[in-house]
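Quick notes on the structure that follows.
From a predicted model like this one, the values you see are computed outputs, not experimental measurements.
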Amino acid sequence: MKFLTATDRYIARLVFVPMVSVFVLAASLLILDKMLKLFDFVATEGGPVSIVFKMLANLLPEYASLAIPLGLMLGILFAFRKLATSSELDVMRAVGLSYTRLLRVPYMFAIGLAALNLLIVSYLQPLSRYYYEQLQFELRSGALGASIKVGEFNSLQDRTALRVDSSRDEGRDLRGIFARLQTTSGQVMVISAREGRFFANRESPDTVILRLTDGQIVQDGPTIASPRVLTFASHDLPIDLPKIEQFRQRGDADNEYFLPELLRIGWNDRYSQEMRIQSQASFNYRIVEVVMMFLLPLLAVALAVPPKRSTSALGVFLSIVMVVAYHKVNQYGQDVASLGRIDPVLALWGPFLLFAALILWMYWRIAYVPGGQPIGALETAFGKLARSLRKLFERKRLPGELPAAAQDATHAA
């Protein structure tokens with residue numbers, strides 16, 4: 001007897017396409033929402049645009065940990081909804097295939113994606129979060145070579161101010177330059193130039209050379225009787241780079257620890273009570289998010305099958321609300337447990353048990369109760385609400401006006 005029959009392969013095709021589509025769509029929406037904020041942040045700090053895409057790449061593992069369960073559940077839900085609305089599910093049930101047997105392929109997807117999600121939350125997500133924080137730090141400190149802000153006075157040193165009209169090549173090629181420098185002896189130099197360009201100094205890595213072209217220098221000071229004006233075709237202006245503080249080591253926050261590190265810290269008396277509680281909360285949060293994925297196939301089937309002679313999409317909407325709401329409850333439970341207000345096991349596994357009991361009851365209703373509908377009452381209320389709204393916005397007939405069907409018959413005659 002074959003382990004995967006033609007029916008299993010058919011269900012696999014029905015699940016795979018919407019699962020991948022939902023995953024890509026959910027990840028894209030999350031990335032686009034964050035992209036706007038990052039563009040504003042990078043523009044404010046004067047950094048190159050390429051940093052935005054590096055920061056978004058480091059956020060992908062965090063968004064994937066939510067997009068993968070959502071894609072898995074909606075992929076299975078759309079597959080079984082198609083089988084139910086086309087009456088194929090009734091045929092499969094009539095030949096002796098139970099819901100549990102039909103879930104063989106969906107659970108293969110669930111096991112594989114749960115293993116992938118465990119790898120992400122164990123290693124990739126903490127590491128990418130650390131690199132994301134490092135990019136933010138380097139952008140604020142200027143270690144990424146932030147571009148010169150156009151149209152504003154930029155303070156390069158304590159005694160140097162620079163203003164440019166336009167910049168190219170990510171801030172290395174400048175046009176319309178005005179600079180004011182003050183030395184320790186009190187001398188002041190005001191420089192204007194048509195254009196300038198930054199060059200690295202091989203002899204001194206902490207200093208860059210701003211090579212100015214076609215400009216003038218006005219020099220004044222306490223020892224100069226009258227200001228001196230010099231015209232130049234090319235002038236090299238050395239600028240000392242500010243000293244950049246080194247970024248911290250990984251592990252400043254509990255979301256930057258690997259899963260084995262959380263396990264080692266959370267139950268070790270050598271660490272402080274606060275650190276142990278935070279590690280326990282983060283460890284339980286990551287594990288419960290992965291274990292929850294094994295309940296999603298049952299939830300998807302329970303919400304996928306609408307009542308007979310109905311094409312209601314209430315189950316699709318309700319499934320998204322339930323998964324996202326449960327994810328937010330887990331995040332809140334982790335935050336409360338990290339503060340020490342409640343035991344991490346109770347804060348995270350308590351909602352999981354309630355969620356699991358609700359899903360098992362819903363699956364039992366749809367799979368083992370004849371004619372059972374776990375959301376039958378909601379479907380009825382939703383149908384009544386839809387009819388009421390349809391009547392509310394329906395155009396009322398004028399006195400003496402024939403119904404639409406009668407008008408069509410008259411025109412046809």
Side-chain angles (χ1 to χ4, degrees), residues 61-74 76-77 100 103 106-107 109-126 129 251 253-269 271-303 318-365 367 374:
E62 182 175 349
Y63 292 153
S65 63
L66 175 60
I68 287 177
L70 198 60
L72 171 66
M73 185 197 62
L74 290 180
I76 299 172
L77 189 147
T100 305
L103 281 174
Y107 261 102
F109 283 112
I111 293 172
L113 292 178
L116 176 61
N117 204 15
L118 181 62
L119 175 64
I120 290 174
V121 300
S122 298
Y123 296 99
L124 297 182
Q125 187 173 318
R129 189 67 189 179
D254 57 88
N255 58 2
E256 295 179 1
Y257 284 113
F258 297 149
L259 204 63
E261 293 174 341
L262 291 176
L263 191 62
R264 175 174 53 84
I265 296 172
W267 288 266
N268 196 326
D269 295 336
Y271 296 93
S272 63
Q273 179 71 13
E274 180 182 1
M275 193 171 183
R276 281 187 290 148
I277 290 177
Q278 292 177 354
S279 299
Q280 291 176 14
S282 181
F283 177 82
N284 284 281
Y285 170 76
R286 298 184 197 182
I287 294 299
V288 78
E289 285 282 305
V290 175
V291 175
M292 182 266 297
M293 293 182 62
F294 294 102
L295 299 175
L296 294 182
L298 304 179
L299 176 63
V301 171
L303 297 176
L318 191 60
S319 65
I320 298 174
V321 172
M322 290 179 67
V323 171
V324 175
Y326 176 72
H327 179 72
K328 294 300 180 181
V329 168
N330 280 343
Q331 288 182 335
Y332 176 75
Q334 181 192 12
D335 295 338
V336 174
S338 298
L339 298 175
R341 298 179 180 177
I342 189 172
D343 186 80
V345 176
L346 180 61
L348 292 161
W349 291 99
F352 171 79
L353 293 177
L354 295 177
F355 192 62
L358 176 63
I359 291 176
L360 291 176
W361 175 81
M362 294 174 67
Y363 178 73
W364 174 78
R365 289 283 302 175

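Minimum heavy-atom separation, Pro106 to Ile76: CB-CD1, 3.6 Å. When all heavy atoms are compared, the tightest approach of Pro344 to Ala337 is CA-CB, 3.7 Å. Between Leu299 and Met73, the shortest heavy-atom distance links the atoms CD2-SD, 3.9 Å. Shown here for Ala110 and Met293, the closest heavy-atom pair between the two residues is CB-O, 4.3 Å. The heavy-atom pair separating Gly333 from Ala347 by the smallest distance is O-CB, 3.7 Å.
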Query - From CA spacing to verdict: side-chain contact (heavy atoms from CB on, under 4.5 Å), Gln280, Val345 - result: CA-CA 8 Å; Gln280 291 176 14; Val345 176; over 6 Å; no

Practice task
With side-chain contact (heavy atoms from CB on, under 4.5 Å) as the test, would you mind laying out the steps for Leu295 and Phe352 before giving the verdict?
Solution key: CA-CA 10 Å; Leu295 299 175; Phe352 171 79; 3.7 Å; yes

The test is side-chain contact (heavy atoms from CB on, under 4.5 Å); show your working for Tyr107 and Leu298 and say whether it passes. CA-CA 9 Å; Tyr107 261 102; Leu298 304 179; 3.4 Å; yes

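Going from atom CD of Gln278 over to atom CG of Leu262 covers 10.5 Å, rounded to the nearest 0.5 Å. Note: Leu118 CG to Ile287 CD1 = 6.0 Å, rounded to the nearest 0.5 Å. Note that CG of Leu66 is 8.0 Å distant from CD of Gln331, once rounded to the nearest 0.5 Å. Taken to the nearest 0.5 Å, the CG atom of Leu77 stands 6.5 Å off from the CG atom of Leu303. Distance check, rounded to the nearest 0.5 Å: CZ of Arg129 to CG of Leu124 gives 15.0 Å. Here the straight-line distance linking atom CG of Leu74 with atom OG of Ser319 works out to 5.0 Å at 0.5 Å rounding.
A side chain to side chain contact (heavy atoms under 4.5 Å, CB included) with Leu116 holds for exactly one of Val290, Ile68, Val121; it is Ile68. With Arg286 as the fixed residue, the side chain to side chain contact (heavy atoms under 4.5 Å, CB included) test singles out one of Ser122, Pro126, Ser65: Pro126.
Residue pairs meeting the side chain to side chain donor-acceptor pair (under 3.5 Å) criterion with at least one member in residues 336-363, sequence neighbours excluded, are Thr100-Tyr363, Asn284-Trp349.
The side-chain heavy atoms of Leu296 and Val323, taken from C-beta on, include a pair separated by under 4.5 Å. The side-chain heavy atoms of Asn330 and Met292, taken from C-beta on, include no pair separated by under 4.5 Å. At least one side-chain heavy atom of Arg264 sits less than 4.5 Å from a side-chain heavy atom of Tyr271.
Shown here is Tyr332, whose OH atom has no more than 12 heavy atoms of other residues, nucleotides or ligands within 6.0 Å. Taking a 6.0 Å sphere around CD of Glu274, one finds it holds 12 or fewer heavy atoms contributed by other residues, nucleotides or ligands.
The backbone N or O of Ile120 sits nowhere less than 3.5 Å from a side-chain atom of Gln125 that would complete a donor-acceptor pair. Between the side chain of Tyr123 and the backbone N or O of Leu259, no donor-acceptor pair lies under 3.5 Å.
The aromatic rings of Tyr285 and His327 lie tilted to each other, with the angle between the two planes from 30° to 60°.
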